[in-house]
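Values reported hereafter were calculated over all heavy atoms of this structure, with side chains retained and with hydrogens, waters and symmetry mates removed. The sequence lines fix the lettering, A, B, ..., with proteins before strands; numbering per chain opens at 1. Predicted model, so just to flag it, every value in this text is computed and none were measured.
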Amino acid sequence: MDMKAVERKWQARWEKAKFNQFDKKAPEKQKLYVLEMFSYPSGAKLHIGHWYNYGPADSYARFKRMQGYNVFQPMGFDAFGLPAENYAIKTGVHPKDSTEKNIATMEGQLRAMGAMFDWSAEIKTCDESYYKWTQWMFLQLYKHGLAYRKEAPVNWCPSCRTVLANEQVEGGRCERCGTEVVRKNLTQWFFKITEYAEELLSGLDGLDWPEKTKNMQRNWIGKSTGCEIEFACESGDVIRVYTTRCDTIFGVTYVVLAPEHPLALKLTTPEQLPAVEAYIAAAAKASEIDRLSTTREKTGVFTGAYCTNPVNGKKIPVYLADYVLATYGTGAVMAVPAHDERDFAFAEKYGLPIVKVIEKKGGETVLPYTEDGIMVGSLQFDGLFGEEARAEVAAYISKLDKGGKKVNYRLRDWLVSRQRYWGAPIPIVHCPNCGDVPVPEKELPVKLPYDVEFRPDGKSPLAKNEAFMNTVCPKCGKPARRDPDTLDTFVCSSWYYLRYADARNEKEPFSREAADAMLPVDTYVGGAEHACMHLLYARFFTKALRDMGYLDFSEPFLRLVHQGVILGPDGNRMSKSHGNIVSPDEYVETYGADAFRLYLMFGFSYTEGGPWNDDGIKAIAKFMDRIEKTVLRIHAMKADRNETYGADEKALDYAKNFAIERVSRDLENFSFNTAVARIMEFLNTIGKYEALEHKNIALLKAAVHDLVLLLAPFAPHFCEELWETIGGKGFVFEQPYPVADPKALELDEKEFAVQVNSRIVCKAMISASLSEEEIRTLAQSLPEVQQRIAGKTVKKCIVVPGRLVNLIVG
RNA sequence: GCGAGUAUGGCGAAACAGGCAGACGCAAGGGACUUAAAAUCCCUCGGUGGCGACACCGUAUCGGUUCAAGUCCGAUUACUCGCACCA
């Protein structure tokens, strides 16, 4: 088969029939929104990862379509972002130009892949018609108090010259360029994702997502239940600390503030001031890497101030130390050296007292002892243990009006402003009189100007474009300046799945009607690397939009599947630096799109991936060739003799229905490799039956008919062609997927493994109609069994229906 | 350091819910066809021993539960990923 021509032929026919479009006029069919993460046009061509994501996922979508679902499978481009801009800085090619060129190439390749993408809903996030609504999203969040600006210590990448979200910092380094991230105090825009921390956490339970991904989000959100406690200072100030171990409060021997804590300088006594100032300055300079290192020796400084432990009135010193984080809890902790490793190390170094107030149940207590234990030296609380102890102490602190139970999350608000060019401008005007003023919705989009000096110098590129920056205040009409920052590209991708549902709507980001009809996404397929970024942000957006009344559901992606990663042949991630990049193009050229996709599905476990190896691709081409020949040969046969139906025919029927059942089940589970294997088995069985002297031609024809249908989702162009050749009407994808006949799967007899004392002694065909007792009798009569049980008594007999019989003798 | 995951032939991998380990392929070896090669078709293919029907061993390591363990439980090792002073 000339696959190139066949691919072109069917792609053109599908296109002409608008076959790949979601059928908005078929409300009687159940909708199924199958989405693959859209592509990022950083390189011109599709790589194996794209094929591996989109090919098999498309096979799933096509399968569901044949099952009768009204499938919506759109595709688009996540087109804003740093790579295009960095490329521009290096080569001088404008990001808009390079991005548009890349998109054109990639779109052509995606179309050539033959996936069932509904291009009528295509979106590109860098189009005005899209980012207009990204800006609109920002304004809605702003109006509802979910977007705010504040000065905060932020992660700054000196190389990319921009701030990064916490999620974009990996081990103290920029996830994009690997440069060590420094902390800076800057005024930045944030989205209040923390407002939804609890729901983002609890909502995970009901999702059909990989457990691992759910766990990563759980850890990232980091819920902790503890207690806030007030320590009054001599100055009259109050230090609030957060602890998960209020049962250790009688062991507090000092209190520690983060160096950035607002009370740090205020509490410091004049004698200690020089030392404290020096320490704060040094801590500010320390890089994230140094501060994050758990092995680093603890440092700190005494403020000269004292505060009072509310439960026993003891006076204890106040320290500053950078092992306390300003951004978590209250930025202050009560130090219990006896029962916390960090406090223990610090106390030893600075000669602070260590007071044991928890004892191990039934064992020697070695300090620092951080497990749950029995309270001692704690007055009326002595003898209490663990959770109960904490509840009692927390209640007591509440009663004293010195704090009480408190839940904290590690999740921080999402920093969304970027000092970069290639993104959606933030639709805010800064007016000297009115302050921050949102751009009125009817004035959207705030257009991203083309002529901009985007080479970085630490300021936003847009800040240097006077024509862009100068505007008038929408409120008072006086001259004002635009916000010079652009939005994190993750903002664009946090709502694109909503836009697909109504991609050409010029009046609103999506209509309520479209959202209700098509969303949420039923099956979402994409890489696992987005666990704590895109997938979390998108959930946040959905919940926020729901609360604003634009949506009626709480979770955007009901089912999530991660494809694995195809590594280079050397087992490393494909990269230019490794020189191990394998291009799909030559394979597609040689074997065709269907064979390539089929190989990807057969050669790997979909969610595992693995090192690239093309050893099996020829075998796939051979397999397709065998299918073609078999189909044509059997199609040409004439069913003109007396057809008979005996054991061989029943076996063929069984093989067919077995394949149908298993392929359907495996496709549902994204277990493509085994699905293809089942089709291979079916083909082998057809071949064996065909070789028989007496055969039922009608039955054979029915078998290859179903074979073509079974294979269609895996090799769409190829099967359309075969379908046409054997005289099928319309598109093969208009046919219902075969359904297994349960009766054909019932065999009269099955092969049992016969065991004596759990060791296999022989196999036996046993009729399905026999009772357990009869099976036992039959098994005992077998010569192999007789030999082994002679002179012994059968104590027990275990029968696993259809599989095994085990005689226990002694 | 904490958390999660993975570990099966020469290779990619299968194994529903504890029930015949290695499906389906690749590679390899042997054979048929051919002047020859390619293509195609047939056979063998976890290890050890045996001419042999067969026997024993085998799913990272050690132990346990069970009539029965790749699968469940406990410990260990290696690799991968995530978090990393979150009080």
Please identify each residue that fulfils side-chain hydrogen bond (donor to acceptor under 3.5 Å, both in side chains) with A:Ser671, with sequence neighbours left out. A:Thr674
Using atom CG of A:Asn673 as one end and atom P of B:rA23 as the other, report the distance to the nearest whole Å. 14 Å
Tell me the partner of B:rA68, counting only Watson-Crick (N1-N3 plus N6-O4 or O6-N4) or G-U wobble (N1-O2 and O6-N3) with both under 3.5 Å; none if nothing fits. none
If the cut-off is 4.0 Å, is A:Arg759 near the phosphate of B:rC54, judged by side-chain N/O to OP1 or OP2? no
For B:rC41 versus B:rG25, give the span between their P atoms, rounded off to a whole number of Å. 11 Å
Would you indicate whether the side-chain heavy atoms of A:Met574 and A:Ile566 approach each other to under 4.5 Å? yes
Across the strands shown, which category fits A:Ile760 at heavy-atom distances under 4.0 angstrom: base, sugar-phosphate, nothing? sugar-phosphate
How far, in whole Å, is B:rU76 from B:rA68 if one measures between their C1' atoms? 26 Å
With a 3.5 angstrom cut-off on both distances, give the Watson-Crick or G-U wobble partner of B:rA28, or none if there isn't one. B:rU44
Ranking B:rA14, B:rC67, B:rC20 by distance to the side chain of A:Ser758, first place goes to B:rC67
How far, in whole Å, is B:rU61 from B:rC11 if one measures between their C1' atoms? 24 Å
Suppose we define a pair by two distances each less than 3.5 Å, Watson-Crick or G-U wobble; what does B:rU35 pair with here? none
Watson-Crick/G-U partner (both atom distances under 3.5 Å) of B:rA23: none
Identify whether the distance between the nearest side-chain nitrogen and carboxylate oxygen of A:Lys402 and A:Glu230 falls below 4.0 Å. no
Run the ring-centre check on A:Trp414 versus A:Phe190 and record whether the distance is less than 6.0 Å. no
Between CZ of A:Arg410 and C1' of B:rG82 the distance, given in whole Å, is 11 Å
Check whether the side chain of A:Lys795 and the base of B:rC67 form a donor-acceptor pair under 3.5 Å. no
Restricting to side-chain hydrogen bond (donor to acceptor under 3.5 Å, both in side chains), what partner residues turn up for A:Glu773, sequence neighbours left out? none
Tell me the interatomic distance from A:Asn408, atom CG, to B:rA87, atom C1', rounded to whole angstroms. 10 Å
Taking any strand in view, what nucleotide pairs with B:rU59 in a Watson-Crick or G-U wobble way, both distances under 3.5 Å? none
Integer-rounded Å distance: B:rA4 C1' and A:Trp220 CH2: 16 Å
Quick test of your reading of the model: are A:Arg390 and A:Asp372 salt-bridged, counting only N-O distances below 4.0 Å? yes
Choose from B:rC57, B:rG82, B:rC16 the nucleotide whose nearest atom is closest to any side-chain atom of A:Arg665. B:rC16
For B:rG5, decide between syn and anti, treating a glycosidic angle within 90° of 0 as syn. anti
Looking only at side-chain atoms of A:Tyr323, point me to the closest of B:rC85, B:rC83, B:rC81. B:rC85
Would A:Trp612 and A:Tyr599 satisfy ring pair (Phe, Tyr, Trp, His ring centres under 6.0 Å), going step by step from the backbone distance to the final call? CA-CA 11 Å; A:Trp612 175 255; A:Tyr599 176 61; 5.7 Å; yes
With a 4.0 Å cut-off on heavy atoms, is A:Glu211 in touch with a base, just the backbone sugar-phosphate, or nothing at all? nothing
Could you go over nucleotides 24-26 of chain B and give all protein N or O partners under 3.5 Å, atom names and distances?
from	atom 1	to	atom 2	distance (Å)
B:rG25	OP1	A:Asn684	ND2	2.7

Could you give the distance separating B:rU65 and B:rG82 at their C1' atoms, to the nearest angstrom? 33 Å
Rounding to an integer number of angstrom, what distance separates B:rU48 and B:rA69 when you compare their C1' atoms? 24 Å
Interatomic distance at C1', B:rC20 relative to B:rG70, whole Å: 14 Å
Whole-Å distance separating the CZ atom of A:Phe604 from the C1' atom of B:rC11: 12 Å
Can you tell me, in whole Å, how much space there is between the C1' of B:rC33 and that of B:rC45? 23 Å
Can A:Glu297 and A:Lys349 be counted as an ion pair, charged N to O under 4.0 angstrom? yes
Mapping A:Tyr606 and A:Gly331 to their closest nucleotides on RNA chain B, which lands nearer the 5' end? A:Tyr606
Look at the side chain of A:Lys763 and decide which nucleotide, out of B:rC20, B:rG82, B:rA87, has an atom nearest to it. B:rC20
Shortest side-chain distance from A:Tyr328, nucleotide among B:rA87, B:rA14, B:rA4: B:rA87
What's A:Glu608 touching, base or sugar-phosphate or nothing? Going by heavy atoms closer than 4.0 Å. nothing
Using a 4.0 Å heavy-atom cut-off across all strands, classify A:Gly603 as base, sugar-phosphate, or nothing. sugar-phosphate
With a 3.5 angstrom cut-off on both distances, give the Watson-Crick or G-U wobble partner of B:rA17, or none if there isn't one. none
Answer for the Watson-Crick or wobble partner of B:rA7, both distances under 3.5 Å, is B:rU77
Between B:rA13 atom P and A:Asn669 atom CG, what is the distance in whole Å? 18 Å
Taking any heavy-atom pair under 4.0 Å as a contact, classify A:Leu804: base, sugar-phosphate, or nothing. base
Selected nucleotide, minimal atom distance to A:Thr243 side chain, candidates B:rA87, B:rG19, B:rA23: B:rA87
Within this structure, what is the NZ-to-P distance between A:Lys796 and B:rA68, rounded to whole angstrom? 9 Å
Suppose we define a pair by two distances each less than 3.5 Å, Watson-Crick or G-U wobble; what does B:rG1 pair with here? B:rC83
Separation of B:rA14 C1' from A:Phe670 CZ (nearest whole Å): 20 Å
With nearest nucleotide decided by heavy atoms, which residue, A:Asn613 or A:Arg803, maps closer to the 5′ end of RNA chain B? A:Asn613
A:Asp594 side, atom CG; A:Met3 side, atom CE - distance, nearest 0.5 Å: 4.5 Å
Looking across every strand, which nucleic acid part, if any, lies under 4.0 Å from A:Gly687 by heavy atom: base, sugar-phosphate, or nothing? nothing
Compute the ring centroids of A:Phe346 and A:Tyr319, then answer whether they are less than 6.0 Å apart. yes
Would one find a side-chain N or O of A:Ser605 under 4.0 angstrom from OP1 or OP2 of B:rA14? yes
B:rC42 versus B:rC51 - spacing of their P atoms, nearest Å: 32 Å
Is it the case that A:Lys298 places NZ or CZ above or below the six-membered ring of A:Tyr323, under 6.0 angstrom from the centre and within 45 degrees of the axis? yes
